[in-house]
Amino acid sequence: MIMDKNESDKISEWLDVYRRIVLEEGEPPASVYAFCKQLGIEEEEFFARYSSLEAIEAEIWVERITHVRQILSEDDEYENYPPRQKALTFFYTFLEATKGQRSWYLARFPRGYCASEPEILREFKASFLEWARPIAAEELKDSLAERFQAERWVAKVFYGHFRSIINFSLKDRSRGFERTDAYAEKSTRLLFDLADTRIADSAGDLLRFLAGRAS
Amino acid sequence: MKDQKTIPTGKWGRAATIVGTGAQIGANYARYRAKKFISGKDDREGLHKANADDTYRALSRLKGGPLKIAQMLSIDTALLPTAYAREFSKAHYQAPPLSYPLVKRTFQREFGRGPEDVFDTFSHSAVSGASIGQVHKAEKGGRQLAVKVQYPGVAESLRNDLRMIRPIAMRLFSLSSAEIDPYLNEVEDRLIEETDYEMELKRGTDLANRLSSQVPVRIPSYVPELSSARILTMDWVDGEPLDRFAAGEPAKDLKNKIGQALWDFYDFQIHELQVFHADPHPGNFLVREGELWALDFGCVKEIPVDFHDSYFRLLSPGIADDPAEMEKALFHLDLISDSDSPSDRDVLLAMFRESVSLLSRPFRSGRFDFGDPAYMEEIREFGERTGSDPEIKKIGAGRGSAHGLYVNRAYFGLYSLMGMLGAEVETRLPELVKPESVQV
């Protein structure tokens, strides 16, 4: 959705107020009515854009991913990086962009990324995957896995990795959260080193085998 | 060497590797005992070699902190048999490169701007590795610069690594935890200092000021406004590392001039300042247009005057031939103590007497030729013999003040560098700072 300046300022104010309520009161507003009262607007204005309070929370999550993707698309160097540097740049930009929102992440970020995805993170995940798929495809280029469109599940592995970085940063107690930087660096190196090996090819081979049986 | 495929992360991953090594060392001992039983022949050197291989492999897989510890151990052969020293010395040339995004991130953190905004040009990949960071080449306003960027979180990893290396070190050197802790604490202090680039800048600048006009050694100027706790910017020096210089068979005059500068550099620091560059490996010295440059003031050791005087009293004329004086001096340094049995004391006295008379020879002769292969061979043979003597290993390790660790390391490094150069230099006996106060 394209927004003009006033519109985007208004939305960012709504998001701020919502976050503040959650962080100060310890829970989301009781209803859209209560939230609108806080904002000093009519419900009509709210529903013109969001269908529920969950929708506004989902927006808070996806907004940072959109923001990071925006920054990367404006970076001259980014396009020329190899996939692993693109991934690291994404992670570091995200960590930088969420630096001022640690309390929010601590309060609301769902723990345990093996659990099924909460509805609220759906768009967050979708936007991440949209960014990650071309990177995965670039990494898999010329491998057997490429032919089986393995980038779809490789992108999902990236997503799990991304969540592990967020989880790590939330538990990090080091000065300036330096250990998170080191974790992102080392774990990403490991992930791509694994992709460098024949694992991707073997996985492609297995997929081919399974696909053959199914058909 | 096998390609590194995995990097153990997190405390437990690292612990698993280290524990693996502990078990491996045990297995090697078992193999050694079995071999000795079957052949009746002592294959101790083979055992040390196998242990060193395993320990080194584990350490090099961990990178970062343990790599630094490996470097530290690599140079202190007072504690290490030759096989270890040889394996560990490989550590100088291994380091993981930081990705460019992480370098950028570190700049963002420290300066709020990326490297391309801070400098006119900045190399994306590192030009050389350091164990806790790496060096990039940059340019600003026509000035060529070397920019050292530190691995994030390295200070904390170092602490973890030291905690985990403790049991292995105890086993390697047959020491109890009470015996080894003062040394490990000393190493930890130095390593943690090394992660503070602001301190390095201050010390390097300070030393350069105090050295100037006294010793013909150059030190690159730091750029404080482009440096921080994690990023250190200094002038780029386009020189030849000392090992490459030595390998190029330089003319005798030049060789002696460089060797003399190096000798005087340490002489002045240790005996005049009691503060010295404690990382004397060939990569930290460059030769350019006939001048010696010293780099990297991360590892600097300061010794108390009292320690200096007690230690270098061992070089006083005649002391090596006077058993009673020698014993008193060693006693003063805690190198022998009342708790030693008379037989242990005899073994130790003989070893220290030999060590002092061997290592003090360059100081006593006024002019000394480190190119003399017989002398280097004598040192090597002595190290081998005492390092592999089980009796000395048992009673000799973990003695003396922890200050001695870095003094020994500096002299071991210095002698190795001098031997590598094969330089002939003027020497003098060090003066005690407060000769009247040393009552032994």
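In what follows, chains are A, B, ... by sequence order, proteins preceding strands, each numbered from 1.
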- request: Check whether Tyr81(A) gets within reach of chain B through its side chain, its backbone, both or neither, counting any heavy atom under 4.5 Å.
  value: side chain
- request: Test Ser99(B) against every option in Gln85(A), Arg84(A), Glu185(A), Arg189(A) by the side chain to side chain donor-acceptor pair (under 3.5 Å) rule and name the one that passes.
  value: Glu185(A)
query: Of the non-hydrogen atoms in Ala182(A) and Pro152(B), which two are nearest, and what is the gap between them?
result: CB-O, 3.6 Å
field: Point-to-point distance, once rounded to the nearest 0.5 Å, from OG1 of Thr89(A) to CZ of Arg105(B)
entry: 11.5 Å
field: Short N-O contact, Lys104(B) and Asp75(A), less than 4.0 angstrom
entry: yes
- prompt: What part of Asp76(A) lies closer than 4.5 angstrom to a heavy atom of chain B: side chain, backbone, both or neither?
  reply: neither
message: Quick check: do Lys186(A) and Tyr151(B) have side-chain heavy atoms less than 4.5 Å from each other?
response: yes
field: Donor-acceptor contact present, side-chain Arg109(B) to main-chain Gly176(A), <3.5 Å
entry: yes
- prompt: Any side-chain heavy atom of Glu77(A) sitting closer than 4.5 Å to one from Tyr100(B)?
  reply: yes
- request: Decide if atom NZ of Lys156(A) counts as having more than 12 heavy atoms of other residues, nucleotides or ligands within a radius under 6.0 Å.
  value: no
query: Roughly how far, to the nearest 0.5 Å, is the OH atom of Tyr92(A) from the OG1 atom of Thr106(B)?
result: 7.5 Å
